Enquirer: 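This is the structure I want to talk about, given as structure tokens.
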Amino acid sequence: GKWLDKKISVAEAFQFIQSYGWKPKKSELEQWIKEDPLIQSTSNSVMDESWMERFNDWRRFKGTALEPGISLQEQVNRLLTEWVQMKQEIEELNYKITQLEQKQTGEPPF
């Protein structure tokens, strides 16, 4: 693709990020280089620590409601999914707390 014509190749980015002790997947780097608008628009790309921060942010936000470039509807859908998962997790944790309290006192919680 066109993005490979940039001065920074996937192989160079892979080598750079590995130099920091990270073990990224090449497929992940390819996708990041395609999707990150700053990297796409930079023809004089010089890799520095800000690239590590950008890659880390991209990895952290990928698939979440904070992912850049997603529609408002997709953002809302992802937030709702996260909310449902968190609600379920809270219920599970409350159940575990009740079980632990019951073990400590030896009495039913009611």
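Predicted model, so just to flag it, every value in this text is computed and none were measured.
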Enquirer: Quick check for you: to the nearest 0.5 Å, what is the distance between Gln88 atom CD and Ile90 atom CD1?
Expert: 11.0 Å

Enquirer: Decide if atom CH2 of Trp22 counts as having more than 12 heavy atoms of other residues, nucleotides or ligands within a radius under 6.0 Å.
Expert: yes

Enquirer: Got a salt bridge between Arg78 and Glu67, using NZ or NE/NH1/NH2 to carboxylate O under 4.0 Å?
Expert: yes

Enquirer: Between Gln75 and Ala65, is there a donor-acceptor pair closer than 3.5 Å when you use the side chain of the first and the backbone of the second?
Expert: yes

Enquirer: Are Leu29 and Tyr20 joined in one hydrophobic group, where the rule is that I, L, V, M, F, W and Y side chains link up if heavy atoms are under 4.5 Å apart?
Expert: yes

Enquirer: Return the NZ to CZ distance between Lys25 and Phe14, rounded to the nearest 0.5 Å.
Expert: 11.5 Å

Enquirer: Measure the spacing between CH2 of Trp32 and CG of Asn56 and express it to the nearest 0.5 Å.
Expert: 10.5 Å

Enquirer: Got a salt bridge between Glu28 and Lys62, using NZ or NE/NH1/NH2 to carboxylate O under 4.0 Å?
Expert: no

Enquirer: Parallel, tilted or perpendicular, judged at 30° and 60°: which one describes the rings of Trp58 and Phe55?
Expert: parallel

Enquirer: Do Glu101 and Ile97 have side-chain heavy atoms sitting under 4.5 Å apart?
Expert: yes

Enquirer: Could you check Thr64 against Glu82 for side chain to side chain contact (heavy atoms under 4.5 Å, CB included), going step by step and ending with a plain yes or no?
Expert: CA-CA 9 Å; Thr64 72; Glu82 286 177 29; 4.0 Å; yes

Enquirer: Taking Asp57 first and then Arg54, would you say they form a salt bridge - that is, a charged N and a carboxylate O separated by under 4.0 Å?
Expert: no

Enquirer: Taking the side chain as every heavy atom from C-beta outward, state whether Phe16 and Met52 have any pair of such atoms under 4.5 Å apart.
Expert: yes

Enquirer: Determine whether the side chains of Tyr95 and Gln99 contain a donor N or O and an acceptor N or O closer than 3.5 Å.
Expert: yes

